[in-house]
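Since this is a predicted model, take the numbers as computed values, not measurements.
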Amino acid sequence: MKLSDLKQRTASEILAAFGRDGAAAKSAETLEKMGLPSKKTEAYRYGDIEAVLEMDLTIASEPKPAEILPSVQLIITDGVVTHAPASVKLGYSKAIPADQGHFDPLYHLGHVASPGVWEIEIQDEVYLHIIHRFTKPTSLIPYRLAVHVTPGSHAAVYEQFIDTGATGSLVLYGYDLFVGRDATLKMVKNQTLDSGSYQMVASHRCEVGSAATLDLATFDFGSASALQMMQIALGAHAHVEASHLLYASGSAKRGTVSKILHIGEGSTSNQQAKSILGEKARGIFDALIKVEHSARYTKAHQNSKAILLESGAYMASRPQLEIYIDELEASHGSTTGQLDGKQLFYLQSRGISAVEAKRMLIQAFANELIDAVDGEMIREILHRDFDEAFYGQTRVECIETCHGCEEVVLNEGV
Amino acid sequence: MSNMMEIKDLQAKIGDKKILNGLNLTLEKGKVHAIMGPNGAGKSTLSKAIVGHYDIEVLGGEILYRGENIVDKEPEERALDGIFLSFQHPVEVAGVNNAYFLRTAVNAKRRHEGKDELNAAEFLREMKKQVETLGMKPDMISRSLNEGFSGGEKKRNEILQMQMLQPDMIVLDEIDSGLDIDALRAVSEGINSMKDGERSFLVITHYSRILDYIKPDYIHVLKDGKIVHTGGPELVAQLEEEGYESLGEA
């Protein structure tokens, strides 16, 4: 099928196209009202959505397995959970109540097209490593998670994406994330996606409860196109810290479209995007922070910085604030440019070649977000994956990141 | 050969403004040369021209370093050949680890000289020694390059780089600016420790204070893009007393 075949279809026809019953009827009705996205759709104007909708795909339809095997990681293969750790409570529902006010039509399509929703409950002190594997070529792989962080919990999730043969496929992934009152969730997404692999539109919804914190760091590398769409709603005194590092090359059109909604009083947000764009890549940071009437004493900050490595690269950066109250602190900014000439010269003046100096500065630009991630092991993986995407090989040395040797040397003779 | 560097009829501009107007200067091997001069005379432009800064367009003349004209050489080639500039305002580079940066530079030079590269542990041992000698905080090893450093820390870091890189021609552009007495003493000791009778130093300064610590062999006065007077260390006192206006054309 082609997703463009769903244009002008009624809700019941859309449901029928995916073999769904009435469980996802509301999402189908919302999709019918919104229509499929086109290049004129606000959220998709910088991507290449019409080409995505024209992909000729077979719907992947793996049944829910009879048994989910125990594992340290939660492993999802082509949208189906096959392995899960005992530390999380796992369920499966035909549908969950979706956010009918979500800005993204493909969020609603995801709820319709996914055969069900994997529900994950995370309790205190849990570290969950999710591996998403894709194996089917030229397939439409729709699936959704609902992640519930129980009130008062402090948990961490690390998402990793692996392609083992999903050439030409389209993955419609997304989660509905509920961070309970007073809970903290640190979430890291690490996705390298190169041309010749699958494409992905990930569409998320996050509800951050009262006095809860969501720390969301996304790392997107490679030469394939993909979009992450996210709508984040903040309750009273809730906080979201969102950072997005993008390295895109080739002809990739890749990035983040987000909407952060300050609903509760005293809620705070800080969103930071850094993009490194080579060849003819297009980076996207189209992000709105909306402060509702109810969200007095909000603090909202948003910033985008991009480096264009070649003349064919392009950054579509659009940080936006929409504010309905006076009692708040807010800022936003955006810079797009080349590497700093003074810094380059400084490194060269010490005998470092121009090529190496540029690499060091690009690495430095990326390091700011990578080094802010909790966990030495995850930081090492992110450094490695960035290096592999950027240099085509791993160049990380322990001196640069972990400082282990350094501590040994510094402590000698003390 | 007794000359480390000979600058002949150097003319250079920054943007549309011509700043060096036929500058001639000979720097002897193993000697300390100080350049003094009023604001806008071209002192920093001279230092930038020597290291190949991108701001500078050389319009004519030669910079002979060990007999070879380096005017068309890239900055990194000049550095690998042994020319070092201590910057007046060292830039901050967030995200580049100080040790990683310096090891990359040291190993680039070692490769250039046909020597084996230093591994991380060997390098860090040497760096730690120099850090202690300079009275730097140990955490400067692992911090980002110059990021958040005070003025004094940045200058000490310049000297640390100089000591690790062991250059032959050292240009110090207002190394004394922004230093308190203790920092000035530590930086000067670092510089003096590099004197070996072979290396040459070009000390660019506004004030005579640094020259109490780094004893110059020659004083050159730069005005309007030219060296207008050259003398011995005694010239410092004369300049202090009478100012630059007292000196005529060279």
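Residue B:D81: no heavy atom, backbone or side chain, is found under 4.5 Å from chain A. Looking at B:E92, the atoms closer than 4.5 Å to chain A (heavy atoms on both sides) all sit in the backbone: N, CA, C or O. Both the backbone and the side chain of A:Q343 come within less than 4.5 Å of a heavy atom of chain B. Contacts of B:L102 with chain A are absent, with no heavy-atom separation under 4.5 Å from either backbone or side chain. Contact of B:P90 with chain A is made through backbone and side chain together, with heavy-atom distances under 4.5 Å. In this structure, the portions of A:A354 lying under 4.5 Å from any heavy atom of chain B include both its backbone and its side chain.
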- Message: What verdict does the side-chain contact (heavy atoms from CB on, under 4.5 Å) test give for A:D340 and B:V93, after you've listed the backbone C-alpha separation in whole Å, the side-chain angles of each residue and the deciding distance to 0.1 Å?
- Response: CA-CA 10 Å; A:D340 185 317; B:V93 190; over 6 Å; no
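Within 6.0 Å of atom CG in B:D116, 12 or fewer heavy atoms from other residues, nucleotides or ligands are found, so the atom counts as exposed in its surroundings. Surrounding CD of A:Q338 are at most 12 heavy atoms belonging to other residues, nucleotides or ligands under 6.0 Å away. Residue-environment remark: CG (B:D72) stays at or below the threshold of 12 foreign heavy atoms within 6.0 Å. Atom NZ of B:K154 is surrounded by more than 12 heavy atoms from other residues, nucleotides or ligands within 6.0 Å. Counted within 6.0 Å of NZ on B:K195, heavy atoms from surrounding residues, nucleotides or ligands total more than 12; the atom is thus considered enclosed. Dense packing is recorded around NZ of B:K13, with more than 12 heavy atoms of other residues, nucleotides or ligands lying under 6.0 Å away. The number of heavy-atom neighbours closer than 6.0 Å to NZ of B:K73, taken from other residues, nucleotides and ligands shown, is above 12.
A pairwise comparison of heavy atoms in B:G95 and A:A364 identifies C-CB, 3.5 Å as the closest pair. Taking both residues in full, the closest heavy atoms of A:G351 and B:A108 are given as O-CB, 3.5 Å, listed atom of the first, atom of the second, then distance. In terms of heavy-atom proximity, B:S86 sits nearest to A:R350 at CA-NH2, 4.4 Å.
Summarising the geometry, atom CE belonging to A:M360 is positioned 4.0 Å from atom OG1 belonging to B:T104; distances are rounded to the nearest 0.5 Å. Distance check, rounded to the nearest 0.5 Å: CD of A:Q348 to CG of B:L80 gives 10.5 Å. Note that CZ of B:R78 is 11.5 Å distant from OG of A:S349, once rounded to the nearest 0.5 Å.
In this pair, B:F87 and A:F345 present their aromatic rings perpendicular. The plane angle is above 60°, beyond the 30 to 60° band.
Interface with chain B: from residues 301-315 of chain A, no residue qualifies, criterion being any non-hydrogen pair under 4.5 Å. Using a 4.5 Å cut-off between non-hydrogen atoms, the part of residues 50-61 of chain B that approaches chain A consists of B:V51, B:G52, B:H53, B:Y54.
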